[in-house]
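Here is the structure we will look at, set down as C-alpha cells.
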Amino acid sequence: MSVAKTLTYWYSINKRDFPWRNTSDSYKIWLSEIILQQTQIKQGLPYYEAFISHFPTIFDLAKAKESDVLKLWQGLGYYSRARNLHATAKYVVENFNGHFPNTYKELIKLKGIGDYTASAIASICFNEQTAVLDGNVYRFLSRYYGIDTPINTTTGFKTFKTLAQDILDKDNPAEHNQAIMDFGSRQCSPSSPDCSICPFNKTCVAFREGLVSTLPIKLKAKKPVKKYFNFLVFVSDSGETILEKRKEKGIWKNLYQFPLIETEKDTDLNMLKSKLKAFTLLKDLDYELTLFNDKNIVHKLSHQHLHTKFWIISIKKLPNSGIPLNRIRDFAVPVLIEKFIEDFNF
DNA sequence: AATTCGGGGGG
DNA sequence: CCCCCAGAATT
C-alpha cells in the first residue's frame, strides 16, 4: 500500500471532529488556518469559536474596526496575523465580492497567506493538487524517509516540499493534506511517539535505524536578548489611567500599554525618579511613586526576555487626558499587561 | 539566508 | 531549562 493510502486509511479511523472540518466554506477554512499558524489546536480553538461568533461571515469581519479584531485576538500572539486577517477580509470583500480566489497562485498573493496556508486552502476548499508543508509534515517525512537535512533552511524547505508533493494523493488532496498533518501531530508526535502501534513501523527509516528521537534536524535559534521595561501606571484621584498605542513596528504593534520607559539595565527607584524628571508634563505636579513588583516580572518571547517593573504613579490629576479605569478592558493589550491588570485589581 | 514576529504547554 | 506548535513577512 502506498504511503498516501496508509495515511488516509489511518485518518479515516482517527479523524477528529473540528468546527472547520466537514465544511468547504473558504472563510471558515481560511480563518482556522490563520489562527492555527504556529499555534496548537487546543490554544486556537476558543479563538476560532469567538471569531465565528462575532464575525459569522467575511463581510462582518471586513466591516469591523481593527481595534475590535485585535481585542478578540488578544492573548493569541503574533498579532500581525490579526492585522493581516482584517486587511485581507476587507480586500476580498472589496475586490472579489467576498469570495476567496480558488488557486494557490492567487491565494498566496494575499496578506498573511504564505506557502502553507495557500496550499491548505487551495486543497481543502478547491481540491487543488498542492501539498501542505507544516511542522507535522516535516517531522513525518524526515523520519519516514530518514532525511537529516535541517528543516528550517531554504534547502530543507525545497527538499521536503518536493517530497510532500510527490507523495500527495492526487485523487484526494483535501483529505490527504489533513491526514498527513493529523498523523504527524498525533501518531508521529515530537517526543516519544508510540511506534509500536504505527502503521509505518515496518518501513520507517528512522524507526529502523533508531533515529526517531533525533529527527527532524532543526538549526538552533540564537539566544533571546534581555530587555528592561518600566511601565508607568498612572492612577488619578478621579479613577483614570493612561494607555498608549504601540505604533512602531516590532512587538505588539497596534496594541495598548501603559507608558513605557525602556532602560539598558535594571532600574531602581532613584534611577526612575531621575528619568521622570525629564518629563516636562510631570514637572510641577505632585505625585507618589511606588514599585508594584519587588522582583522583576520576566515575560518570555521567542526572541526577547522582558524584565519588567510596574511603577505606580498616584497623582491628583493626570497631566493629560486619560481613560477611566473601568474602560481599561476595552483595549487590546499584551498578555504581560493583562496579567498586571488582573493582579493589580485597580 | 537570517531574523523577527507570542504565548502556551510538554518533558 | 530545553523543545514544539496546521508559518509569514521583513531584513
Please indicate whether A:R329 has more than 12 foreign heavy atoms, meaning atoms of other residues, nucleotides or ligands, lying under 6.0 Å from its CZ.
-> no

Gap between atoms CG and C1', on A:L76 and B:dG6 respectively (whole Å) | 8 Å

Nearest whole angstrom, please: distance from the C1' of B:dG6 to the CG of A:L255.
-> 11 Å

For A:L70 and B:dG6, give me the distance from atom CG to atom C1', rounded to whole Å.
-> 13 Å

Less than 3.5 Å between a donor and an acceptor, one on the side chain of A:S191 and one on the base of B:dG11, is that the case here?
-> no

Taking a pair as Watson-Crick (N1 to N3 plus N6-O4 or O6-N4) or G-U wobble (N1-O2 and O6-N3), both under 3.5 Å, which stems of 3 or more consecutive pairs involve DNA chain B?
-> B:1-5 with C:7-11, B:7-11 with C:1-5

Going 5' to 3' on DNA chain C, which nucleotide is the first and which the last to come under 4.0 Å of a heavy atom in chain A?
-> C:dC1 to C:dT11

Once you round to the nearest 0.5 Å, how far does CE of A:M271 lie from CG of A:L276?
-> 12.0 Å

How many Å lie between NZ on A:K222 and P on B:dC5, as a whole number?
-> 10 Å

Atom-pair distance (CD on A:E248; C1' on B:dT4), nearest Å | 15 Å

Nearest-Å distance for atom pair CD/P, residues A:Q37 and B:dG7 = 16 Å

Nucleotide B:dG11, atom P - distance to CD of A:Q40 in whole Å | 11 Å

